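Down below is the structure, laid out as structure tokens.
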Amino acid sequence: MAPRYAPSLRSRLAPLLLSLQTGFIIIYAFYTEVKNNGTTDRNTLSNFYPEFQDVNVMVILGFGFLCTFLVRYGFSGSGFNLLVAVVATQWAIILNGIESWYYTGKIRVDLKSLVVAEMCTASVLISIGSVLGKINPVHLILIALLEVSGFVVNGWLLQTLLKVQPLTSIMMLHIFGAFFGFMVTWILYREGSEQKFEKEKFDRKTGLFSMLGTVFLWMFWPSFNSVLVDDPQRKLGVVCSTYLALAVTAVTAAAVSVLCSPKGRLNLIHMLSCIHAGGVAVGVAMSVVHYPWEAMIIGFAAALISTFGFHYLKIHMLLAFQCHDTCATLSTHGLPGLLGWLAHLLLQIKDCDDYTTAVRFAVFHICALLLTISTCLSTGLVTGLILKWSFWRPPQNKKCFDDQAYWEFPNLVVRK
Amino acid sequence: MAPRYAPSLRSRLAPLLLSLQTGFIIIYAFYTEVKNNGTTDRNTLSNFYPEFQDVNVMVILGFGFLCTFLVRYGFSGSGFNLLVAVVATQWAIILNGIESWYYTGKIRVDLKSLVVAEMCTASVLISIGSVLGKINPVHLILIALLEVSGFVVNGWLLQTLLKVQPLTSIMMLHIFGAFFGFMVTWILYREGSEQKFEKEKFDRKTGLFSMLGTVFLWMFWPSFNSVLVDDPQRKLGVVCSTYLALAVTAVTAAAVSVLCSPKGRLNLIHMLSCIHAGGVAVGVAMSVVHYPWEAMIIGFAAALISTFGFHYLKIHMLLAFQCHDTCATLSTHGLPGLLGWLAHLLLQIKDCDDYTTAVRFAVFHICALLLTISTCLSTGLVTGLILKWSFWRPPQNKKCFDDQAYWEFPNLVVRK
Amino acid sequence: MAPRYAPSLRSRLAPLLLSLQTGFIIIYAFYTEVKNNGTTDRNTLSNFYPEFQDVNVMVILGFGFLCTFLVRYGFSGSGFNLLVAVVATQWAIILNGIESWYYTGKIRVDLKSLVVAEMCTASVLISIGSVLGKINPVHLILIALLEVSGFVVNGWLLQTLLKVQPLTSIMMLHIFGAFFGFMVTWILYREGSEQKFEKEKFDRKTGLFSMLGTVFLWMFWPSFNSVLVDDPQRKLGVVCSTYLALAVTAVTAAAVSVLCSPKGRLNLIHMLSCIHAGGVAVGVAMSVVHYPWEAMIIGFAAALISTFGFHYLKIHMLLAFQCHDTCATLSTHGLPGLLGWLAHLLLQIKDCDDYTTAVRFAVFHICALLLTISTCLSTGLVTGLILKWSFWRPPQNKKCFDDQAYWEFPNLVVRK
């Protein structure tokens, strides 16, 4: 007979967190400094701070509450998201600063490095959507460490080998996160997932909590795309393009959702997952999107592939490839990311004057994609294999999607 | 026997949304440009962006979650609000840009035009509070299109005929929205509404979701009123006045709510609906409110009429006028808006030096109100008559206030 | 037999609120002016406004929803929080302006005075966490008035007698609030509290609402600590330090929570309450925290004492001292505040060049703490004794932690 309780994490999670945190503090003590980028005038800081907070809200609140839709997994969805985010951000600051440490001996910490670190974190949060509910917090911390490392290495490779601009390489986070998550969830496939898990469902109230997270992501996506753009005219363009693309995506996703349903009803999960597709695609392509209508068409196409992808691809992935993707991140971040990549290619080629430059760009662009995908698949493979080790005490199938495996419910009483 | 299911919207909603969205994209492709207003320096953009986001949060999150209080209508309350908001905003950008298109051939899209468009959208969101739960999403989209058109025409008439300032005419949105909603809900009156609908109630959790939306509206109302004010000293005045008026309103609404109750208890719905009354009234009157205490007295009076109005007027409107107003927008936006209009009149007259100017202003001011009310009532009449057409497949009485008419609940399971 | 209903507050709450509000309006009418601090240029206002809103969101939404975790006390938790906040803020603006009134005849109202007032309000909101659920709204209003007065007097004493900087004295709010609340809840101890109250528990959904408030507090704590810092380089330092301290606290609190649990599970209430401890401690010590690692170590220590304090201290306080502290504010704000005070002392001594200065500083610093604690304990004592008067109609034990004592639930129907 299977054990009644989920395995205790006392001897795994607590030492891991404490030693990690001690290590981080030591590294920060010796190698970091808080320093602004030369011009520390009041305006620069105050102008940047609200955008930093928007991104922070998306990472902590948006992704966190988006994951609360599962009926018995709300505490884990939002709580583990916070935990992963703070670990990944601290780690990403260190890794992103290695170059600066190499030249100056110090890792610089300022608002910009925090924002970049939170973007690396976002790729982790996208990945864990794929495995949500099926792994324990120890796994999550390991994913955070390994994926951030892979993502930073990928960015460094893109910039060194292919001279990809930093902004473009960061925006690969959607593709990286989606395919990384795909690989991990494929390796961690559990026998018996063809039938749905008992607790993998939502109800009226958890749907609303998830709606809340979604709405925060949706509202602040223009900040997410524009925060690292410096030139004010470009920044305005990115904000307006992203806003319009998101608006188009919301309308289109609703229409497609109604079309997919035999009774002509909307599907809340479609809405929750797919209304960001336009923001994702425009983010990936943003350096070449110059007119609002380009963004709107990208948003329209992103909504189409994302919603149809969610509707048809998710179940096929499960049955044909034995890949159980809880939040369908492949459809909601992977496909729109690829679409954005394609739009970038086409729009750039359209802008090229001569044939040679166009071909040259296309080759580079395709190499960048292949490099990213191979990095993320290989990192995902390694991560998945590490996580398969039973030393980490994975939850039993029965304890999947259940807060009770990880959270104390002493008859739900406050005082102990 | 009545059909068991609500009518399918597959053949109505999807084509409407897709064709609308395609039309919008075509218009945007030919007639818009993203361009900042001459001085595109970094500070201007970064200073304006946080206020734009505050307004965006109010429109998408605030109004959306305010409408989640109905116990079985939370998905619709927040989801349809998002849908209406994005359609109305895209449409409002086009309509507001017609004048610029006429002169320069292009509709300008920048943060300011987005904010103005979201304010037009706010008037729609106020209106749909009146008919919340009794109409289907096709109706909502039609209301969005028609009301935005009416509101823009009204603003144009006010500015052309009566030389009303743009800011003052935009702030008429509360009065416009409330009376438009009143007209529509009066025309769409359903037999049998005298007894309350079975599902027209709230519970502990939906009350908290609604509280969340309310709190966001309350917190960001100073941004809503001040966002379009340019002069920094005036802006500070508007922010502080609105903040103090809202504070007074919250205290007064609580007191009145206790007084209205025989057992001396607070009424959550009073709190949710009426604590914005001060913000509404100060917003309408803001161009002449120069001292905090003026704003506080306006807030006090607004709370009184709004809370008493909610308590006594709502039921009278229903029984005497056959007008079923779900969110009592007439009390919560209409009466405070009229109060703000009156305060504007009185304060302006007090400031006038001579009798002639005062009378002249009073006549103009009264004309502006009459023009607004007649525009919104006539637009509302037309809209209501169009919506009465059964081609749009209105829900049966039994399906009112129920998500299940429009959202898939496949045993509330995520995976299909 | 005990009465079945909670006592009606109609004759207590409504007159109190209305007369208070009328009094405030009269004071504002005669003695306030809205005026910016000399340099009213656009940038200054626009730079400060987003930080003001962050603090506003923390005070209204963060503290409000943090208090919604009790299963039947959500309306009161968030609604009374709003009521207390607006009363306390209006009162704090007046009290803080007395000095300026003395010299210039006018109390200045601008964004900075609003922020300072909201910080005084925060100390009240911390205190009422201790007595949450056990007192009625009339009590809460009285606490708001008395505690704000005590806090302002304390700040004035610190600045006059000990030349403590305004910023340092304001940040004493955590210590002040925690010990004030401790005193009040000790005096208002109810017989029978040793057994837990029937309704003093949380459930899955209220836990998530509380998580929402917590997350907002957590995200915007860097704004809370940095909002009153003027120098941009210092401001950046405070933001980064607070962010890192909060990150460390979240990781450490999770680890300690797992260690405290025999089954190795996380405790949601630990997470909700203790992940701000780092922000609190860094806030108190911020004027001498110059490196990120100092902040991180402070955050680490704060998480340790806060989580262990919550786990072991709360029950001891109850059984040994007959002090029932609903939200354990002593552990979550009091101990981290004291830790911050200690860190301030140690870091300052480390920076001192000679022995005399160090001793001199230490004496002053200890005096500042003793003065604050004696002020808050004595104000708390007076407040507690006033609240004990049965004229204020305290709820019966059975009606504690229950919305139904104060909110109308007419079968939870909207229309009356």
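Because the structure is predicted, anything quoted here is derived from the model rather than measured. Below, chain A is the first sequence line, B the second, and so on; all start at residue 1.
- No part of I141(B) comes within reach of chain A, as not one of its non-hydrogen atoms sits under 4.5 angstrom from that chain.
- Using a 4.5 Å cut-off between heavy atoms, L111(B) contacts chain A through both its backbone and its side chain.
- Taking 4.0 Å as the cut-off between side-chain N and carboxylate O, E200(A) and K134(A) do not count as a salt-bridged pair.
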Test log, rule side chain to side chain contact (heavy atoms under 4.5 Å, CB included), inputs V227(A) and F220(A): CA-CA 10 Å; V227(A) 64; F220(A) 290 154; over 6 Å; no
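- For L82(B), the part sitting under 4.5 Å from any heavy atom of chain A is the side chain, from C-beta outward, and nothing else.
- Residue contact with chain A, scored on non-hydrogen atoms closer than 4.5 Å, is absent for A85(B).
- In this structure, chain B has heavy atoms under 4.5 Å from both the backbone and the side chain of V251(A).
- Contacts between L272(A) and chain B at a heavy-atom distance below 4.5 Å are absent for every atom of the residue.
- A salt bridge between K235(B) and E51(B) is present, with a side-chain N of the basic residue lying under 4.0 Å from a carboxylate O of the acidic one.
- Of the two parts of L61(B), the backbone and the side chain both hold a non-hydrogen atom closer than 4.5 Å to a non-hydrogen atom of chain A.
- For a residue to count as touching a neighbouring chain, one of its non-hydrogen atoms must lie under 4.5 Å from one of that chain's; by this rule M211(A) touches chain B with backbone and side chain alike.
- In this structure, CZ on F401(B) lies 12.0 Å from CG on D403(B), to the nearest 0.5 angstrom.
- For T89(B), the part sitting under 4.5 Å from any heavy atom of chain A is the side chain, from C-beta outward, and nothing else.
- In this structure, no portion of Y31(B) lies under 4.5 Å from any heavy atom of chain A.
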